[in-house]
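Throughout, protein chains are lettered first and strands after them, A, B, ... in sequence-line order, and every chain is numbered starting at 1.
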Number of protein chains: 2
Amino acid sequence: MSETDPSQIKGFNRARERASRALLEDYVEMIADLAAEFGEARITEIAARLGVAHPTATKAVARLKREGLAVSRPYRGVFLTEAGEALAEQVRARHRTVVALLRAVGVPEDLAELDAEGIEHHVSTRTLKAFEAFLASQGGKTG
Amino acid sequence: MSETDPSQIKGFNRARERASRALLEDYVEMIADLAAEFGEARITEIAARLGVAHPTATKAVARLKREGLAVSRPYRGVFLTEAGEALAEQVRARHRTVVALLRAVGVPEDLAELDAEGIEHHVSTRTLKAFEAFLASQGGKTG
DNA sequence: CGCGAAATGTAGCCTTGGCTACAAATTTCG
DNA sequence: CGAAATTTGTAGCCAAGGCTACATTTCGCG
Ligand SMILES: [Mn+2]
Ligand SMILES: [Mn+2]
Ligand SMILES: [Mn+2]
Ligand SMILES: [Mn+2]
């Protein structure tokens, strides 16, 4: 029998939900980066930077539009909505904090950047707060 | 133009690969848990603990079998192969270390357990080593 | 201006990972 | 033993996220 632990189920469900949001988050962050750099994000450039074929990026952008995070017109650039911008800012901040935390516990910079790309999407708001508090308490300690 | 940064692409590709392995890892770990507890893992119990419908678990187990991580016969329990056992052990160790690290930087226990369920799959071997070294250097410090 | 190159769109295919509904086997128990 | 309950299998649906191949539009430039 063994009463199935509800908190464990919660953990798995949560991980699955976050995994399904991960792609959206990376796209939004990338579009924000390109907007900052070029004034607009083109499908080809988004695809190139994310390492996917362009129809893959087109589909993802369609999903972003459907979810109210971006807008675009045929053969033109992609732009974030206000909701998209807000998400981008949040995602970017989380990315920075995760990298900083990894660095603080001794992970080399390049590796921290690589692993953070996946880890970031699974760090909850409260955990992020804990990371920030830890980093603050550490000051600029390096070794 | 802006030469597309290859290491950034690498990060995204790596995150995608790890995401696709995450499910397998959770199943293998769960099957090992059930084997330890009951001597075998039944489809219904696997599904219940992972919070999915039983045909979903059946499909996942089919994939595990295809990849040589598990074996089973119709209407019987699921068992890990040697490769499956080895993966389970590795996954379990990583899970423990990730939770310990989160705790060490100030994340409350329940939250650490929840977030770790997703984070664990994106922690590389070298990053895990760094976590272990950090934890060792910390000793049993709590506050 | 107009033509070739580049960018974008679209169609269609695949795999994974969810689900429900229903069929068949196994276990439990009166 | 046999019927009911439980477990497992199977069919078939959906969405997401990959891809290639091909059509169309836009852009750059002689
Ligand atoms: Mn990412
Ligand atoms: Mn990121
Ligand atoms: Mn997990
Ligand atoms: Mn785990």
Side-chain angles (χ1 to χ4, degrees), chain A residues 1-2 4 9-10 12-31 34 38-67 69-79 117-118 121, chain B residues 1-2 4 9-10 12-31 34 38-67 69-79 117-118 121:
Chain A
M1 298 298 136
S2 77
T4 292
I9 296 178
K10 190 173 163 193
F12 290 123
N13 282 325
R14 182 154 152 166
R16 280 193 294 264
E17 278 165 28
R18 287 185 179 280
S20 91
R21 292 220 57 183
L23 255 291
L24 287 193
E25 293 181 349
D26 283 338
Y27 272 90
V28 163
E29 189 180 1
M30 180 59 72
I31 291 169
L34 292 171
F38 303 116
E40 67 175 354
R42 306 300 306 222
I43 283 286
T44 300
E45 189 70 16
I46 295 170
R49 295 213 185 182
L50 288 172
V52 297
H54 84 266
T56 301
T58 300
K59 271 200 201 175
V61 168
R63 191 176 160 208
L64 292 184
K65 292 169 76 171
R66 207 180 336 130
E67 304 203 2
L69 295 170
V71 293
S72 74
R73 291 183 357 251
Y75 295 97
R76 296 298 173 215
V78 179
F79 301 90
E117 204 50 73
H121 308 286
Chain B
M1 294 305 131
S2 74
T4 292
I9 296 178
K10 190 173 165 195
F12 290 123
N13 283 326
R14 179 151 153 168
R16 280 193 293 265
E17 277 164 29
R18 287 186 178 279
S20 90
R21 292 222 57 183
L23 256 291
L24 286 194
E25 294 181 349
D26 283 340
Y27 272 91
V28 163
E29 189 180 2
M30 179 60 71
I31 292 169
L34 292 171
F38 302 116
E40 66 175 356
R42 306 299 307 222
I43 283 285
T44 300
E45 188 70 16
I46 295 170
R49 295 213 186 181
L50 289 172
V52 298
H54 84 266
T56 300
T58 301
K59 271 199 201 177
V61 167
R63 191 175 160 206
L64 292 184
K65 293 170 75 170
R66 208 182 332 134
E67 304 202 3
L69 296 169
V71 293
S72 74
R73 292 184 356 254
Y75 295 96
R76 295 298 172 219
V78 179
F79 301 90
E117 203 51 73
H121 308 285

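Atom CD of A:Glu40 and atom P of C:dA7 are 12 Å apart (whole Å). Counting to the nearest Å, the C1' atom of D:dA15 and the CG atom of A:Leu24 are 13 Å from each other. One atom, NE2 of B:His121, and another, P of C:dG17, lie 12 Å apart when rounded to the nearest Å. Taking atom CZ of B:Arg76 as the reference point, atom P of C:dT27 lies 4 Å away to the nearest angstrom. Taking atom CD on B:Glu67 and atom C1' on C:dT16, their separation rounds to 11 Å, with Å as the unit. With rounding to whole Å, B:Leu64 atom CG is found 13 Å from C:dT16 atom C1'. Protein atom NZ of A:Lys59 is 16 Å distant from nucleotide atom P of C:dT16, rounded to whole Å. One atom, CD of B:Glu45, and another, C1' of C:dT26, lie 17 Å apart when rounded to the nearest Å.
In this structure, A:Thr56 reaches the bases: a heavy-atom distance under 4.0 Å links it to at least one base atom across the strands shown.
Residue-to-nucleotide proximity on DNA chain C shows that, of B:Val52 and A:Ser72, the 5′-proximal contact is made by A:Ser72. Mapping A:Arg42 and A:Ala19 onto DNA chain D by nearest heavy atom places A:Ala19 closer to the 5' end of the strand. Both B:Arg21 and A:Arg73 sit near DNA chain C, but only A:Arg73 has its closest nucleotide nearer the 5' end.
Under the side chain to side chain contact (heavy atoms under 4.5 Å, CB included) test applied with B:Leu64, the options B:Leu24, B:Val71, B:Val78 reduce to a single match, B:Leu24.
Counting only heavy atoms from C-beta on, A:Ile43 has its side chain closest to C:dG9 among C:dG9, D:dG18, D:dA16. Among the nucleotides C:dA7, D:dT7, D:dG18, the one closest to any side-chain atom of B:Arg16 is D:dG18. Of all nucleotides listed (C:dC19, D:dG18, D:dT20), C:dC19 comes nearest to the side chain of B:Pro55.
The two residues B:Ala48 and A:Ile9 come nearest to each other via the heavy atoms O-CD1, 3.3 Å. A pairwise comparison of heavy atoms in B:Tyr27 and B:Ala60 identifies CZ-CB, 3.4 Å as the closest pair.
Using a 4.0 Å cut-off, some side-chain N or O of B:Arg66 falls inside it from OP1 or OP2 of C:dT16. For D:dT8, the OP1/OP2 oxygens have no side-chain nitrogen or oxygen of B:Thr58 closer than 4.0 Å.
Summarising the geometry, atom CD belonging to A:Glu117 is positioned 10.5 Å from atom CG belonging to B:Asn13; distances are rounded to the nearest 0.5 Å.
With its ring centre under 5.5 Å from that of the base six-membered ring and a plane angle below 30°, A:His54 counts as stacked on C:dT8.
With hydrogens and angles ignored, the 3.5 Å screen pairs a side-chain donor or acceptor of B:Arg42 with a backbone N or O of B:Tyr75.
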